[in-house]
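This is a predicted model, so every value here is computed, not measured.
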Amino acid sequence: MSRLMKAGANNLHRSWLNVPHVTQFDEADITELEAFRKSMKAEAESQGAKLTPLPFMIKACAYALRKFPQFNVSLKGDGDTLVWKKYVHIGIAVDTPDGLFVPVLRDVANRAPEDLRAGLDHLRRDVEQRKIPAKELQGATLTLSNFGPLGGRYATPVVVPPQVAIVGAGKRFTQPGIRNGALFEDMQLPVSVTFDHRALNGGQAARFLAALLADLAL
């Protein structure tokens, strides 16, 4: 194992041993979000960019954290003290041939989706070129694992201490439905939230996830 793989393995093992993980799953109807994203696609491409669903997911996470700030905290090592954050920094799990990196997008709540997209592109380039500073991998208040583009609808992401929750986004899929008496095809996004049961409970997680799904549904 490389040094990076060993460090990641040790951190994940420590988290799994010390954090009581619970995961809740649901699906967001992103039909309207997809229609809006596609309407902006040409404009993004004219600027040499690709507008994916990820910036909208990040923004939805920020909205949910503002509505439920108990998810935007860190738990100190003593297990007794919560540190409430006045900012929203979201870590984005990035898969690379050398292992998993989690660069951090800062001040997400106050940034527009197009700005987040540009920030993502910058962080990805730095990760791919191995030029990302260590400080850009620290300070997240929540992590988002967008594993859908790689395959798989559902997963149980592992919480990254001292954070108390992590959101997972799976592979989008379509399903038939009835709207105004007519057959309609909806686009669904599987979403999961894993939380530290020492800091949060199932009711809080259900409300947080419901708010996240509502934001994604526009």
Side-chain angles (χ1 to χ4, degrees), residues 22-41 43-44 49-72 88-94 102 104-121 123-124 140-157 159 163-179 184-195 200 202-218:
V22 180
T23 305
Q24 293 197 15
F25 303 88
D26 211 326
E27 293 160 4
D29 184 343
I30 60 168
T31 307
E32 293 187 20
L33 174 59
E34 276 295 281
F36 175 74
R37 183 181 70 85
K38 289 178 180 178
S39 73
M40 301 287 290
K41 186 177 179 180
E43 180 180 342
K50 183 179 179 181
L51 186 58
T52 70
L54 186 55
F56 300 99
M57 286 188 262
I58 295 170
K59 197 65 181 177
C61 286
Y63 288 145
L65 289 173
R66 286 302 194 201
K67 292 176 184 175
F68 299 96
Q70 61 267 42
F71 281 76
N72 199 48
V88 175
H89 297 344
I90 295 183
I92 309 299
V94 177
V102 188
V104 180
L105 276 170
R106 302 183 187 279
D107 199 26
V108 171
N110 298 319
R111 297 171 68 176
E114 55 269 23
D115 183 34
L116 293 176
R117 187 261 304 158
L120 280 170
D121 290 344
L123 289 175
R124 280 203 187 98
T141 57
L142 180 84
T143 295
L144 172 60
S145 178
N146 181 35
F147 53 86
L150 302 176
R153 290 188 183 180
Y154 305 98
T156 304
V159 174
Q163 300 166 44
V164 297
I166 181 170
V167 172
K171 186 177 181 179
R172 293 169 289 166
F173 65 96
T174 57
Q175 69 176 18
I178 301 295
R179 186 172 299 176
F184 190 85
E185 194 172 62
D186 290 320
M187 177 71 74
Q188 301 290 316
L189 175 69
V191 181
S192 61
V193 56
T194 299
F195 61 94
L200 299 161
Q204 291 171 317
R207 288 186 283 272
F208 175 85
L209 186 53
L212 180 56
L213 299 184
D215 287 331
L216 287 169
L218 298 182

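A distance of 9.5 Å separates CD of Q188 from CG of L213, quoted to the nearest 0.5 Å. Summarising the geometry, atom CG belonging to L65 is positioned 8.5 Å from atom CZ belonging to F71; distances are rounded to the nearest 0.5 Å. Of the inter-residue distances, the one linking K41 atom NZ with K38 atom NZ reads 7.5 Å to the nearest 0.5 angstrom. One finds the CD atom of E34 at 12.0 Å from the CG atom of D186 (value rounded to the nearest 0.5 Å). Rounding to the nearest 0.5 Å places CG of L54 at 5.5 Å from CD1 of I92. Between the CD atom in Q204 and the CZ atom in F68 there is a gap of 9.5 Å [rounded to 0.5 Å].
Taking the side-chain hydrogen bond (donor to acceptor under 3.5 Å, both in side chains) definition, one finds that K171 meets it with nothing, sequence neighbours left out.
Contact between S192 and T23 at its shortest, heavy atoms only, is CB-CG2, 3.9 Å. Q70 and V164 get closest at one heavy-atom pair: O-CG2, 4.0 Å.
The only option from V104, V102, L144 that meets the side chain to side chain contact (heavy atoms under 4.5 Å, CB included) definition with I90 turns out to be L144. No option in L209, L212, L142 other than L209 meets the side chain to side chain contact (heavy atoms under 4.5 Å, CB included) test with V193.
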- Task: List the steps, then state whether side-chain contact (heavy atoms from CB on, under 4.5 Å) holds for R172 with I30.
- Result: CA-CA 9 Å; R172 293 169 289 166; I30 60 168; 3.6 Å; yes

- Query: Can you check side-chain contact (heavy atoms from CB on, under 4.5 Å) on N72 and V88, steps first, answer last?
  - Reply: CA-CA 7 Å; N72 199 48; V88 175; 4.0 Å; yes

- Message: Could you go through T31 and F36, starting from their C-alpha distance and side-chain angles, then the distance that decides it, and tell me whether this counts as side-chain contact (heavy atoms from CB on, under 4.5 Å)?
- Response: CA-CA 9 Å; T31 307; F36 175 74; over 6 Å; no

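Listed by first and then second residue, the side-chain hydrogen bond (donor to acceptor under 3.5 Å, both in side chains) pairs involving residues 55-66 amount to none (not counting sequence neighbours).
At least one side-chain heavy atom of I166 sits less than 4.5 Å from a side-chain heavy atom of T143. Residues L189 and M57 are in side-chain contact: their nearest non-hydrogen atoms beyond the backbone lie under 4.5 Å apart. L33 is not listed as a side-chain neighbour of M187, based on a closest heavy-atom distance of 4.5 Å or more.
Of the possible polar contacts, one joining the Q24 side chain to the G202 backbone as a donor-acceptor pair under 3.5 Å is found. Listed for the T141 side chain is a donor-acceptor partner under 3.5 Å among the backbone atoms of H89.
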Would you mind writing out the side-chain donor-acceptor pairs for residues 111-118 within the sub-3.5 Å range, not counting sequence neighbours?
from : atom 1 : to   : atom 2 : distance (Å)
R111 : NE     : D115 : OD2    : 2.9
R111 : NH1    : R106 : O      : 3.0

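Relative orientation of the F25 and Y154 rings is perpendicular, given thresholds of 30° and 60° on the angle between their planes.
Stacking of R153 on the aromatic ring of F173 is recorded, both the 6.0 Å distance cut-off and the 45° axial limit being met.
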